[in-house]
Amino acid sequence: MIVYLAVSLTVLAQSARQQTTSTGKKISPTLFGLFFEDINYAADGGLYAEMIQNRSFEYSPADRREWHSLTSWEYITPVFSYGSLNVETNKPIHPNNPHYAVLTIEHVGQPGVGENSKIPENKGVPGVGIKNRGYDHMVVKAGEKYAFSLFACQLSATPVALTVSLQDPRGKILSESKLTVNSKDWNKYTATLTASERSDSTSLVILGTTQGKVGIDIVSLFPENTFKNRQNGLRADLAQLLADMKPAFIRFPGGCLAHGDGLGNMYRWKNTIGPIEQRVEQRNIWGYHQTAGLGYYEYFQFCEDIGAKPLPVLPAAVSCQNSGGTWRIGGTGQKAIPMDEMKDYIQEVLDLIEWANGSVSSTWGAKRAAAGHPKPFNLEFVGIGNEDKITPEFEERFKLIYDAVKAKHPEITVIGTVGPFPDGEDFTKGWKYANNLTVPMVDEHYYQQPDWFVRNQYRYDAYDRKQSHVYLGEYASWGNKLKNAISEAIYMTALERNGDVVDMASYAPLLAKKNHTQWKTDMIFFDNEKVCLTPNYYVQKLFTANQGDYYYDKIVSKNSKDSTLAASCVKDSKTGDIILKLVNGGTASQSMKIDLSAFKKLASQAEQVVIAGSAEAENTLENPQAIAPVQSKIKVSKSFQYNAPAMSLTVIRIKTQS
Ligand code: AHR
C-alpha cells in the first residue's frame, strides 16, 4: 500500500512537471531576411550609389510619357559659347546601350570680353556642354572623393578638351578636372573629384572647351566611399543599415518587378551582369527606369558581404497578371512565354545556378569569375514566380521549370508561389498545385490591417507540417506607426513558434525615397542624405538580428486570453544565447512571468532592448527619433517577472556560460 501511494505521488509530480516544463523544437535557421525590390527608387536613386540620373541617355517615353534621352540633363553654353547637342544612335558603345549624346562645340566664349562683359553670364568657365542634376540634385560633402567616369569618342578631326566639374546651385566650382578626348573609338575616361565644401544641390557639369565634336555616354559619379568600397557599389549608409539587421537572406529583385509588365518587361538576369555599358536597361514596372547597374552580380556580392543567403526570384515564364493595367486592377494581363521558347527559358534558369555555383571552368561560372568572383556564391534557394495568377499557362510552365531544376540541381530548394493574398482563389489553387508537385516551399504574400495580424497569429499553428513549407515573402500591416510595428512583432513571435513550417519570412517593401514613393508603407524612408527608420524597421531588426534555430514553449506565462500579449523564446546554437521576445500590444503595461529553469548556467545579467511608445507614434525624415529602441542591462534569474510596457516589444538576450 505504501509503495503504491509513493508511485502514484511520483506520477502526479511528473505529470505536473510535464505541464510546465518547456519542450522545444528545431526551427528554421534562416527564418528572417530581407525583401528587396526596386520600387520607390530603392535601387536607382537609392541603394545603388550612382549619382547621375539617366547616365546613359536611355530614358524614354516608354519609362514615363514625359521622359526622353535628355531627361535630367540640361544643355548649357556659358559665357556666350555656342554649338549644339544631339542624341544619336548610329555608333553606340554597345547595341544594348544605343543612345549617346553628341556635343558640337562651335565657339567657346571668352570671359569678361566684349560689350556684354559686365553681365553675370559672361563669367566662369566657357564652353558647350551638359549638366546633370542627379536624382533630386546630388549631395557632396567637404573633403570627400567622388569617382567620375564617362565614355567618349572623338567625332571631329581634332581632339576635344573637356572640363568636368561639381558645381553648387550658384555655379561655384567645388571640384574640377580636365581631360582630352583623342580617340575615334569609345574609351573610358576617369577622374577623382574632391568636393571643396558641402552642397546638397550639386550638379555635375561637362563642358567642351575646344572646338570639335564629341560623343559622350555612361556618365557616372559614385562616392568613393561605397559600402565596403566596392566599385559600382552601394550607398554606404543605406547598405550598413541593412547589414546591421543581420538578415539570414535577401530576396531580390522583386516583387512585381521580377515578373514584369508584359513579357518584354520581365527581369531577365542575364541582362543585368557584365560591364555596365553592356547591360540592358528597361522600364521599371513602378513607373520609372532601371539601369540594371545594380544587377545580379551586385545583389549576390551584397548578400555575401553581409552574410545573407541570396534568394533570387525568377519569373515563372509568365508576366504579372496586372500587366498593362494599374496595380491589382484588371487582372487579365498575364502573358506567357510561348511554349516553343520554353526550352531556352528553362536553360536561362539553369544557367543562373551555374553562374552562381559553377566552377570557373563552366561557361557561366567563368563569367562570374571574369566579373571578379571566382569562388561560388553558394546559391541554395531559387524562387520561381511572384504571386502569379494560377492559370493553366502558369501551371504548365512552372512544372517544366521546376522539374528541370529538380533534375539537374536537387541541391537547390525551389520556392513556388500562391498568389497575392492570404486566401482566395489563387491561394487555394496555388497551394493545391504546389502540394501535388511536392514543391518544398511556397511564397505567401499579404498586406493587412494591424488587427488582422493580431487576429491571425495562430494561422500557421494549424498548417500541416508534411506539406510544402512556407516562405512568407511579403507581408506588412498597412502603416508605419508603432501600433503597426507591434502588430507585426506579435505575428513574428508566432512565426518563430511555427518556425518548423515557416522557413523564411520578409517584410515588404524595404526602401522608399522621399517624393518617389509608389507604396506608402515601407521599412526605411530616405532622401539623398538622411534616413528615417520606421518602428517597423526596429521591430524587424530586433527579430533578424536575434534569430534562433531552436524554439522553446512554456517559458513565458502571461494572460492567455489577451491576444495583444505575445512571447517567444529561441536559442541561437551558434552563440548558445537564449533570446526572449515579449510583446505587449495593449494600452496598459502587463506582467509576464519568465521561467528559465529549463536552461543551465545562464548569465545573471542580460542585454535588453525595448521599443515602446504611443500607438500612433511614427518617425519621419524631419523627426526620425519619435520611436527609438532603448538598450540596457537587465538582471535575470531562473524565474522572474517582467513588466512589459504598453505598446512595446522587448528583446532580452541571455548568455549561457559553458
Ligand atoms: O511589395 C510591393 C508589391 O506588392 C510587390 O511588388 C508585389 O509582389 C506585391 O503585390
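This structure is a prediction, so every number in the text was calculated from the model and none was measured. Atoms within each ligand, like the ligands themselves, are counted from 1 in listed order.
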Counting both backbone and side chain atoms, is some N or O of Trp519 under 3.5 Å from an N or O of ligand 1? no

May I ask you to check if ligand 1 and Cys256 share an N or O to N or O distance below 3.5 Å? yes

Only one of Phe36, Phe302, Phe300 passes ring pair (Phe, Tyr, Trp, His ring centres under 6.0 Å) with Phe252, and that residue is Phe300

Salt bridge between Lys270 and Glu348, side-chain N to carboxylate O under 4.0 Å? no

Atom indices of ligand 1, in the order listed, that fall short of 4.0 Å to a heavy atom of Gly255: 5 (C), 6 (O), 8 (O)

Rounding to 0.5 Å, atoms CZ (Arg397) and CD1 (Ile346) come to a distance of 10.0 Å

Got more than 12 heavy atoms from elsewhere within 6.0 Å of NZ, Lys399? no

Provide the number and element of each atom of ligand 1 under 4.0 Å from a heavy atom of Tyr447. 1 (O), 2 (C), 4 (O)

Under a 3.5 Å threshold, yes or no: a donor from one side chain and an acceptor from the other, between Glu281 and His289? yes

Ligand 1 contacted by Gly254 (non-hydrogen, < 4.0 Å): no

Just heavy atoms, cut-off under 4.0 Å: does Trp286 contact ligand 1 by side chain, backbone, both, or neither? side chain

Below a 4.0 angstrom heavy-atom separation, can you tell me which part of Asn386, side chain or backbone, both or neither, approaches ligand 1? side chain

Which atoms of ligand 1 are found less than 4.0 Å from any heavy atom of Glu387? 7 (C), 8 (O), 9 (C), 10 (O)

Atom pair CD/CD of Gln334 and Glu393 - distance to nearest 0.5 Å: 6.5 Å

